[in-house]
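Values below: all heavy atoms of this structure, side chains included; hydrogens, waters and symmetry mates excluded.
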Amino acid sequence: MSSRPKKLAVLGGGPASLTALFWLTSTRALRERYDITVYQMGWRVGGKGASGRGPDGRIEEHGLHILFGFYQNFFYMIRHAYA
């Protein structure tokens with residue numbers, strides 16, 4: 001087996017892509033196995049879950065309703081990310 005990491009290109013930085021990448025990099029062995037590049041139009045990742053500040057400093061959300069009934073899965077992953 002080659003010691004060079006496999007190159008992986010991901011198109012889009014939405015919730016599904018970021019979740020898959022989170023788990024693909026969740027261990028040291030996996031991080032060493034892949035060389036990942038995310039291609040995203042614009043500067044903001046997160047898809048419909050992205051938010052930021054507008055010119056006047058107000059928070060602008062782009063659709064946090066995307067979680068629907070997946071709150072348990074979302075918070076499970078967030079707990080792992082912060083651990």
Shortest non-hydrogen separation from [X] to [Y] and the atoms involved:
X     : Y     : result
Leu24 : Leu30 : O-CB, 3.0 Å
Arg44 : Glu60 : NH1-O, 4.4 Å
Arg31 : Thr25 : NH1-O, 2.8 Å

Pair up each side-chain donor or acceptor in residues 13-21 with any protein partner under 3.5 Å, not counting sequence neighbours, and list the distances.
residue: Ser17; atom: OG; partner: Gly12; partner atom: O; Å: 3.1
residue: Thr19; atom: OG1; partner: Pro15; partner atom: O; Å: 2.7

(message) Test of understanding: with side chain to side chain contact (heavy atoms under 4.5 Å, CB included), list the residues that count as partners of Arg58, not counting sequence neighbours.
(response) Asp56
(message) Which residues pass the side chain to side chain contact (heavy atoms under 4.5 Å, CB included) test with Asn73, not counting sequence neighbours?
(response) Phe70
Quiz: residues 76-83 side-chain donor-acceptor pairs under 3.5 angstrom, not counting sequence neighbours:
residue: Tyr76; atom: OH; partner: His80; partner atom: NE2; Å: 3.1

(request) Report yes if some heavy atom in the side chain of Val10 is under 4.5 Å from a heavy atom in the side chain of Ile36; otherwise report no. (result) yes
(message) Closer than 3.5 angstrom, by distance alone: can the side chain of Arg33 be matched with the main-chain N or O of Pro5 as a donor-acceptor pair?
(response) no
(request) With sequence neighbours excluded, give me every ring pair (Phe, Tyr, Trp, His ring centres under 6.0 Å) pair touching residues 31-51. (result) none
(message) Could you work out, with side chain to side chain donor-acceptor pair (under 3.5 Å) as the rule, every residue matching Lys6, not counting sequence neighbours?
(response) none
